[in-house]
Peer 1: 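This is the structure, below, for whatever I ask next.
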Amino acid sequence: QVQLVESGGGSVQHGGSLTLSCATYGYSYYIHCMGWFRQAPGKEREGVATIDGDGTTKYAASVKGRSTISQDNAKTNLYLQMNVMKPEDTALYYCAAAFRGCAELGRDNRQWVVFVNIWGQGTQVTVSS
């Protein structure tokens with residue numbers, strides 16, 4: 001069974017940057033899509049960004065243009081770099097993996113959660129104003 005372990009969360013000021021990391025442990029050949037999700041207090045979990053096996057990326061409108069999702073060549077580490085961060089980015093961020101390709105995800109990032117098969121434990125990100 002694959003395990004996902006996030007790191008890199010913390011506190012950052014409005015306008016600052018942060019990079020989250022996710023290490024993958026276990027045999028992951030059946031994973032075809034990986035991504036980052038977040039859940040703010042009192043809100044539902046939503047998709048932030050995904051990356052397919054061929055490197056194709058997809059972003060939620062709220063972070064597009066100021067975030068970059070990437071993987072290392074071995075596809076054992078997933079990253080999310082976020083720039084120009086805002087207080088509304090404050091949330092618990094989760095690394096996630098799916099057995100289907102990211103191309104099956106629709107435009108509504110709130111629906112991406114149904115495709116996820118494996119979740120990490122989450123890492124807290126707090127953006128102060």
Side-chain angles (χ1 to χ4, degrees):
Q1 181 70 1
V2 172
Q3 276 191 311
L4 307 175
V5 180
E6 304 95 335
S7 61
S11 296
V12 62
Q13 289 192 328
H14 189 179
S17 299
L18 198 69
T19 298
L20 304 180
S21 300
C22 171
T24 302
Y25 299 96
Y27 197 42
S28 59
Y29 84 98
Y30 45 83
I31 292 174
H32 296 286
C33 177
M34 293 200 70
W36 289 96
F37 289 71
R38 67 186 182 186
Q39 187 165 15
K43 295 189 177 181
E44 293 185 354
R45 195 172 299 187
E46 63 176 9
V48 176
T50 64
I51 186 166
D52 219 327
D54 63 0
T56 301
T57 58
K58 194 172 292 193
Y59 296 92
S62 57
V63 303
K64 195 170 186 177
R66 58 187 185 93
S67 297
T68 303
I69 186 171
S70 61
Q71 278 183 306
D72 61 359
N73 289 337
K75 294 185 172 53
T76 56
N77 290 285
L78 181 73
Y79 306 98
L80 179 69
Q81 180 179 355
M82 300 186 70
N83 302 314
V84 196
M85 296 191 73
K86 308 172 184 179
E88 50 263 44
D89 292 323
T90 295
L92 190 58
Y93 283 72
Y94 296 91
C95 178
F99 303 152
R100 290 182 282 179
C102 299
E104 297 191 37
L105 297 171
R107 288 190 174 186
D108 188 350
N109 63 305
R110 296 168 297 178
Q111 301 299 320
W112 295 357
V113 293
V114 302
F115 287 88
V116 175
N117 299 102
I118 303 170
W119 293 99
Q121 293 297 309
T123 185
Q124 179 66 39
V125 172
T126 302
V127 184
S128 57
S129 56

Peer 1: Can Phe99 be reached from Leu4 by stepping across I, L, V, M, F, W or Y side chains whose heavy atoms are under 4.5 Å apart?
Peer 2: yes
Peer 1: Is a side-chain N or O of Asp72 found less than 3.5 angstrom from the main chain of Asn77, in a donor-acceptor match?
Peer 2: yes
Peer 1: For the CZ atom on Arg110, are there more than 12 heavy atoms of other groups (residues, nucleotides or ligands in this structure) within a distance under 6.0 Å?
Peer 2: no
Peer 1: How about CD on Gln121, more than 12 heavy atoms from neighbouring residues, nucleotides or ligands closer than 6.0 Å, or not?
Peer 2: no
Peer 1: Would you indicate whether Tyr30, at its atom OH, is surrounded by more than 12 heavy atoms from other residues, nucleotides or ligands within a distance under 6.0 Å?
Peer 2: yes
Peer 1: Taking Thr126 for its side chain and Thr90 for its backbone only, find out whether a donor-acceptor pair lies under 3.5 Å.
Peer 2: no
Peer 1: In sequence, state the C-alpha distance, the side-chain angles, and the governing distance for Met34 and Cys95, and then conclude on side-chain contact (heavy atoms from CB on, under 4.5 Å).
Peer 2: CA-CA 8 Å; Met34 293 200 70; Cys95 178; 3.9 Å; yes
Peer 1: Kindly say whether Arg66 contributes a backbone atom to a donor-acceptor pair with the side chain of Tyr59 at under 3.5 angstrom?
Peer 2: no
Peer 1: Are Glu6 and Leu20 close enough that some pair of their side-chain heavy atoms sits under 4.5 Å apart?
Peer 2: no
Peer 1: Is any side-chain heavy atom of Gln1 less than 4.5 Å from a side-chain heavy atom of Ile118?
Peer 2: yes
Peer 1: Quick check on Glu44: does its CD atom have over 12 non-hydrogen neighbours (other residues, nucleotides or ligands) under 6.0 Å away?
Peer 2: no
Peer 1: For residues 10-18, run the donor-acceptor check on the side chains, cut-off 3.5 Å, and write out each pair with its distance to 0.1 Å, sequence neighbours left out.
Peer 2:
from	atom 1	to	atom 2	distance (Å)
Ser17	OG	Asn83	OD1	3.0

Peer 1: Write out all pairs satisfying side-chain hydrogen bond (donor to acceptor under 3.5 Å, both in side chains) with one or both partners inside residues 31-43, taking only residues at least two apart or from two chains.
Peer 2: Arg38-Glu46, Arg38-Ser62, Arg38-Asp89, Arg38-Tyr93, Gln39-Arg45
Peer 1: Which other residues belong to the hydrophobic cluster containing Trp119, where Ile, Leu, Val, Met, Phe, Trp and Tyr are joined when side-chain heavy atoms lie under 4.5 Å apart, directly or via other members?
Peer 2: Phe37, Leu92, Tyr94, Leu105, Trp112, Val113, Val114, Phe115, Val116
